[in-house]
Amino acid sequence: MPEMPEVENIVIGIKDFIENKKIVDVEIIKGDVIKSPSSDEYRKLLQDKIIKSLKRRGKYIIMSLDDGRLNIIHLRMTGKLLYKQENEDIDKYSCVIYHLEDKTKLIYADIRRLGTLDLITTDEISRLKGLYTLGAEPLSSEFTIGYLKDCLNKSKTKIKPFLLNQKNVAGLGNIYVDEALAISKIHPERKANSLSDEEIEKLHQAINLVINEGIRDGGTSFRDYRNGLGEKGSHQDKLYVYNRKGKECRFCDTLITKIVLNGRGTYFCPNCQKLNDDK
DNA sequence: AACCAATCCTGTATGC
DNA sequence: TGCATACAGGATTGGT
Ligand SMILES: [Zn+2]
């Protein structure tokens, strides 16, 4: 469900409410989302710990505890992190509830339960391969045109799967990749290493643009996404191609096409985003 | 090493 | 209505 802008909004929205608060109890309803350690250990290790910080890296949420451990949360497709008063009703799909010292609670809820919770020490981070191998963050000083160009030239795959690979750019997902390719007018099946310098520059700019606007709009809410306070985002109203099959391209009025690429629904304008002979 | 299809899981939409 | 099928903001696994 959530890509970088959605995760960023969740973290920014609730961090000030939970930082420096003590976890008085951990209630485990659906323990299969806890990947490590065991559910019992997870609960015991978090009990009476103080949340020192809540941060984001890629699509991961990193909760630091006062004993140095890290509670690593990944929402995958339908995970939510919700902050509520202790007397408020909880989501039907709640999996884990962190009860805080001030009569509030943080709830991990997940319809499909594809999301993951891992409680680790700092020297165990390399065990979480997905987190350890993340590439540069959009909008960061590390994410330069040169960085993108180097990664692209090392790749033999198509540009869309390249951008979905978190080792290249951290935090992009299916929506924002299609949007960035639409804005930079690049066909999703182009080979990553076939892009011209001009196209790489436009793509770099488009990635930063869609991520920045996604964050500013509070994320994209199609069905499940809500921020940490249960509010919808508004970026779904501004999309150029994603989920717009058969609708008019906002640049040229051609109808948006949908294909399946590496198992992911993929939207593009067949007029603005042409496939050259270098495929 | 790197790519890609299958897989995890449940809910919703669509078609017959 | 009932049932089957496809599909969904993702990442890991295993085969090639
Ligand atoms: Zn167009």
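We name chains A, B, ... by the order of the sequence lines, and we start the count at 1 in each one.
- One interatomic measurement links the two molecules: CZ of A:Arg76 to P of C:dA11, which rounds to 7 Å at whole-angstrom precision.
- For A:His74, a side-chain nitrogen or oxygen approaches OP1 or OP2 of C:dA11 to under 4.0 Å.
- At whole-Å resolution of the value, CG in A:Asp110 and C1' in C:dG10 are 11 Å apart.
- With rounding to whole Å, A:Ile111 atom CD1 is found 7 Å from B:dT12 atom P.
- Nucleotides of DNA chain C nearest to A:Glu6 and A:Lys129 differ in position, and the one nearer the 5' end is that of A:Glu6.
- At the phosphate of C:dT12, neither OP1 nor OP2 sits under 4.0 Å from any side-chain N or O atom of A:Thr116.
- Using a 4.0 Å cut-off between a side-chain N of Lys or Arg and a carboxylate O of Asp or Glu, A:Glu101 and A:Lys21 do not qualify as a salt bridge.
- With A:Phe268 as the aromatic partner, A:Lys160 does not meet the cation-pi criteria of under 6.0 angstrom to the ring centre and within 45 degrees of the ring axis.
- Proximity of A:Gln166 to the phosphate of C:dG10: no side-chain N or O atom is located under 4.0 Å from OP1 or OP2.
- For C:dA8, the OP1/OP2 oxygens have a side-chain nitrogen or oxygen of A:Lys258 closer than 4.0 Å.
- Put simply, A:Thr157 has a side-chain N or O that comes within less than 4.0 Å of OP1 or OP2 on B:dC4.
- Residue A:Lys59 places at least one side-chain N or O closer than 4.0 Å to OP1 or OP2 of C:dA11.
- For A:Glu19 (side chain) and A:Leu54 (main-chain N/O), a donor-acceptor pair under 3.5 Å exists by modelled atom type.
- A:Tyr93 has a side-chain polar atom (N or O) that falls below the 4.0 Å cut-off from OP1 or OP2 of B:dG11.
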